[in-house]
Student: 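Structure incoming, see below.
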Amino acid sequence: QVQLVESGGGLVQAGGSLRLSCAASDNTFSTYTMGWFRQAPGKEREFVASVSADGEYDYYSDSVKGRFTIFRDNPKNTVYLQMNSLQLEDTAVYYCAYTSRTSFRGRYFYSLPTTYDGWGQGTQVTVSS
């Protein structure tokens, strides 16, 4: 089973930027679709973004589209989430996840937490005013 380790979280002022990283433990990383989710206190885990195994296709939630960018570096077994123009409501624990599943349903399919086979431990992002 692939192990995922997130890093890059922290405290940032509203309007600032952070880049999260998620490193996978082995080279099977390049065969998986990767996703980023987040969970705020008292709320359900929500989809943020996903990227296909080859990096060609990506999807975003409406709340982050235009501000966040997901991308991957397969030789480094790492997926990133570049977060710009951060807002107070972006405060959450951010998780990366992997899946070997595919579906013609695209964005809807990859927005479901149940689609994913494994998860990292999460990294805290706190946006202050």
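The figures that follow rest on heavy atoms only: side chains count, while hydrogens, waters and symmetry mates do not.
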Student: Could you go step by step and tell me if V2 and T28 meet the side chain to side chain contact (heavy atoms under 4.5 Å, CB included) rule?
Tutor: CA-CA 8 Å; V2 175; T28 56; 3.2 Å; yes
Student: In Å and rounded to the nearest 0.5 Å, what is the CG to CZ distance from L112 to F47?
Tutor: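 Between atom CG of L112 and atom CZ of F47 there are 9.5 Å.
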Student: Are the side chain of Y95 and the backbone N or O of E6 linked by a donor-acceptor pair below 3.5 Å?
Tutor: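 No, because the side chain of Y95 does not come within donor-acceptor range (under 3.5 Å) of the backbone of E6.
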Student: Might you confirm whether atom CG of D117 has over 12 heavy atoms from other residues, nucleotides or ligands at distances under 6.0 Å?
Tutor: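 Yes - once you tally the heavy atoms of other residues, nucleotides and ligands closer than 6.0 Å, there are more than 12.
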Student: Using every non-hydrogen atom in the two residues, find where M83 and V125 come nearest and quote the distance to one decimal.
Tutor: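 Closest approach of M83 to V125, heavy atoms only: CE-CG2, 3.9 Å.
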Student: Are L88 and L11 joined in one hydrophobic group, where the rule is that I, L, V, M, F, W and Y side chains link up if heavy atoms are under 4.5 Å apart?
Tutor: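 Shared cluster, no.
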Student: How about W36 and F68: are their ring centroids closer than 6.0 Å?
Tutor: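 Aromatic pair excluded; centres sit 6.0 Å or further apart.
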Student: Can you tell me how far the OG1 atom of T123 sits from the CG atom of L81, to the nearest 0.5 Å?
Tutor: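 Those atoms lie 11.0 Å apart.
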Student: Could you walk me through whether M34 and F29 pass the side chain to side chain contact (heavy atoms under 4.5 Å, CB included) test, one step at a time?
Tutor: CA-CA 9 Å; M34 299 298 296; F29 170 82; 3.7 Å; yes
Student: Quick one: does any side-chain atom of T99 pair with a main-chain N or O of T115 as donor and acceptor, under 3.5 Å?
Tutor: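 Yes, because the side chain of T99 sits within donor-acceptor range (under 3.5 Å) of the backbone of T115.
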Student: Let me see the working for S21 and K76 under side chain to side chain contact (heavy atoms under 4.5 Å, CB included), right down to the final yes or no.
Tutor: CA-CA 11 Å; S21 300; K76 293 185 177 180; over 6 Å; no
Student: Contact between V79 and I70 at the side-chain level, heavy atoms closer than 4.5 Å - yes or no?
Tutor: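 Counting from C-beta outward, V79 and I70 do come under 4.5 Å.
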Student: Measure up the Y110 and Y59 rings against each other and bin them: parallel (under 30°), tilted (30 to 60°), perpendicular (over 60°).
Tutor: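 Parallel, since the angle between the ring planes stays under 30°.
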Student: Shared ILVMFWY cluster between L18 and V48, side chains joined below 4.5 angstrom?
Tutor: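 Result: yes, single cluster for both.
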Student: Under the 3.5 angstrom rule, does the side chain of R72 hit a backbone N or O of S52 as a donor-acceptor pair?
Tutor: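 Confirmed, R72 side chain pairs with S52 backbone.
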Student: Students often mix this up, so state it plainly: with edges at 30° and 60°, are the rings of Y80 and F71 parallel, tilted or perpendicular?
Tutor: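 Because their plane-to-plane angle is under 30°, the rings of Y80 and F71 count as parallel.
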Student: Counting heavy atoms not belonging to E89, are there more than 12 under 6.0 Å from its CD?
Tutor: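 Buried by this count: over 12 neighbours within 6.0 Å.
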Student: Measure from the side-chain N and O atoms of R107 to the backbone N and O of Y60, and report whether any donor-acceptor pair falls under 3.5 Å.
Tutor: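 Checked: pair present.
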Student: Please check if the side chain of T126 supplies one atom and the backbone of T91 the other of a donor-acceptor pair under 3.5 Å.
Tutor: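 Flag not set: sc T126 to bb T91 has no pair under 3.5 Å.
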Student: If two hydrophobic side chains count as joined below 4.5 Å and joins carry through other members, does F37 share a cluster with L20?
Tutor: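 In one cluster: no.
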Student: Looking at OH of Y32 and CG of L4, how far apart are the two atoms once the value is rounded to the nearest 0.5 Å?
Tutor: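 So the gap between those two atoms works out to 9.5 Å.
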Student: Report the C-alpha separation of S50 and Y116 in whole Å, then their side-chain angles, then the decisive distance to 0.1 Å, and conclude whether the side chain to side chain contact (heavy atoms under 4.5 Å, CB included) test is met.
Tutor: CA-CA 11 Å; S50 67; Y116 294 82; 3.7 Å; yes
